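One structure is given below, encoded as structure tokens.
Bear in mind that the values here come from a model prediction, so they are computed numbers and not experimental data.
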Amino acid sequence: MQALDSLLAVADQFDAVVLDQWGVLHDGTTPYPGAVDAIHALRSSGKRLAVLSNSGKRAAPNADCIAAMGFPGDMFEIVMTSGEALWQDIAAGRVPHTRFHPITRDDGDAERWADGLDITLTSDTPDAVLLMGLPDEGAVHVLPDLPVYCTNPDRASPRAGGKTVVSPGALAHDHKDKGGDVTFYGKPHLPIFRAVETALGTSNLLMVGDSLEHDIAGGHRAGWSTAFIRGGLHASAMAGDAETAIRTLAAKENAPLPTYHLSHLG
């Protein structure tokens, strides 16, 4: 591992820098301090940038959300989400199910996501579950005994004020551990990393993220270099010596060590 003060120190070694969204660019509400300036600095240096997010929503609304937080839309060459990957697979006929019981963070998310697909969203005789999101506060969901498509494998997500909330991946992994049929879309699973390589036309990429389990492990599996943001999801575990804390966390999560680490994007 190599400690960095800024990605600019190593960015010229890569054809493009691929960034996680929550925990790296913003906390779900506002950009992290210095993050917008860091993105401008990377683009000013000529670096190609992309976003790879475990978001159950499609790419376009995520790009709009990022832009609304102050990151100009032309900063990122592509925005790839796990929700977009599932949408594309259904549109291409690669998913055998057509009647989905949706579980979402907000009302209307599933309907907006499904626009353009020949599927039915229903709780009446569904043949699969679409697990897009979980309300930050609210009832605990129990998944029915149906195939589950999880478009957010994250087990937890950072929110404003240092708060962390349970994410769909926790529910999906629990269901799978109990013998349930779960198909995960997104990091750390290899197909979404290959999709980014195809879109960018290169595999000489740096993955920047705040999850050892998803961003760092997925990037490592894809053969990319990785940079771990200490101030995101695992900020509370980073007290004391940074490298010792990262090694302890990596051992706990059975995850590889990152190539680089830095406190925050800015």
Side-chain angles (χ1 to χ4, degrees), residues 1-55 57 59-81 84 154 156-165 187 193 196 199-200 202 204-212 214-216 218-219 224-239 242-243 245-246 258-266:
M1 289 186 293
Q2 178 183 344
L4 301 176
D5 292 325
S6 168
L7 288 178
L8 286 172
V10 297
D12 62 356
Q13 300 175 27
F14 306 98
D15 293 335
V17 174
V18 182
L19 301 118
D20 179 35
Q21 187 179 171
W22 279 270
V24 174
L25 297 179
H26 60 77
D27 62 10
T29 304
T30 57
Y32 286 112
V36 174
D37 289 342
I39 293 300
H40 277 287
L42 285 165
R43 284 295 295 127
S44 295
S45 73
K47 188 53 51 187
R48 300 168 68 194
L49 302 176
V51 172
L52 177 54
S53 175
N54 276 358
S55 168
K57 297 179 182 179
N62 274 275
D64 291 344
C65 175
I66 294 169
M69 289 188 190
F71 299 92
D74 60 357
M75 292 288 100
F76 303 104
E77 191 167 325
I78 66 164
V79 174
M80 175 64 70
T81 68
E84 180 71 26
D154 288 352
S157 296
R159 293 288 186 266
K163 181 180 178 181
T164 300
V165 299
K187 301 170 290 185
F193 289 87
V196 172
L200 292 173
T202 179
N204 180 29
L205 300 169
L206 176 66
M207 178 72 226
V208 183
D210 68 326
S211 169
L212 291 176
H214 296 108
D215 304 311
I216 304 308
W224 302 4
S225 294
T226 58
F228 175 63
I229 300 294
R230 304 191 305 270
L233 176 64
H234 296 296
S236 62
M238 292 294 115
E243 290 207 359
I246 295 169
T259 315
Y260 310 105
H261 63 93
L262 60 166
S263 62
H264 56 280
L265 190 62

Note to self: Please find the pair of heavy atoms, one from Ala245 and one from Ala237, that lie closest to each other, and give the distance.
What the structure shows: CB-O, 3.5 Å
Notebook entry, point to check: Can you tell if the side chain of Thr29 reaches within under 4.5 Å of the side chain of Met69, non-hydrogen atoms only?
Noted result: no
Checklist line | Euclidean distance, Leu4 CG relative to Leu262 CG, rounded to 0.5 Å | finding: 6.0 Å
Check: Near Asp74 CG, under 6.0 Å, is it more than 12 heavy atoms from other residues, nucleotides or ligands?
Finding: yes
Next item on the list: Look up atom NE2 in His26 and atom SG in Cys65, then write down how far apart they are to the nearest 0.5 Å.
Entry: 5.0 Å
Next item on the list: Identify the two heavy atoms, one from Asp27 and one from Trp22, that lie closest to each other, and give their separation to 0.1 Å.
Entry: C-CD1, 3.8 Å
Check: Taking all atoms of both residues into account, what is the closest heavy-atom pair of Gly70 and Val36, and its distance?
Finding: O-CG1, 3.4 Å
Note to self: Looking at Thr226, is its backbone amide N or carbonyl O close enough to the side chain of Thr259 to form a donor-acceptor pair, meaning the two atoms are under 3.5 Å apart?
What the structure shows: yes
Item checked: His261 side, atom NE2; Ile246 side, atom CD1 - distance, nearest 0.5 Å -> 4.5 Å
Check: Quick one: are Leu7 and Leu206 in side-chain contact, heavy atoms under 4.5 Å?
Finding: yes
Checklist line | Closest non-hydrogen atom pair, Val79 against Ala63 | finding: CG2-CB, 4.0 Å
Check: Under 4.5 Å between any side-chain heavy atoms of Phe76 and Leu19, yes or no?
Finding: yes
Please tabulate, for side-chain N and O atoms in residues 44-53, each donor-acceptor pair with protein atoms closer than 3.5 Å (sequence neighbours left out).
residue	atom	partner	partner atom	Å
Ser44	OG	His40	O	2.8
Ser45	OG	Leu42	O	2.6
Lys47	NZ	Ala11	O	2.9
Lys47	NZ	Phe14	O	2.3
Arg48	NE	Glu77	OE1	2.9
Arg48	NH1	Leu200	O	3.3
Arg48	NH2	Glu77	OE2	2.7
Arg48	NH2	Leu200	O	2.9
Ser53	OG	Gln21	NE2	3.1

Checklist line | From CD1 (Ile229) to OG (Ser263), nearest 0.5 Å | finding: 7.5 Å
Next item on the list: Please lay out, stage by stage, how Phe193 and Met207 fare under the test side chain to side chain contact (heavy atoms under 4.5 Å, CB included).
Entry: CA-CA 10 Å; Phe193 289 87; Met207 178 72 226; 4.1 Å; yes
Margin query: Looking only at side-chain N and O atoms, does Thr81 offer a donor or acceptor that is under 3.5 Å from a partner on Asn62?
Written below: no
Item checked: side chain to side chain contact (heavy atoms under 4.5 Å, CB included) partner of Asp210, chosen from Leu265, Ile216, Leu233 -> Leu233
Checklist line | Check: Val18 and Trp224 side chains under 4.5 Å, non-hydrogen atoms | finding: yes
Margin query: Would you compute the distance between atom NE2 of His264 and atom CZ of Arg230 and round it to the nearest 0.5 angstrom?
Written below: 9.5 Å
Check: For the residue pair Phe228 and Ser211, what are the closest heavy atoms and their distance?
Finding: CE1-N, 4.2 Å
Next item on the list: Test side chain to side chain contact (heavy atoms under 4.5 Å, CB included) on Ile66 and Met75 and set out the steps.
Entry: CA-CA 10 Å; Ile66 294 169; Met75 292 288 100; over 6 Å; no
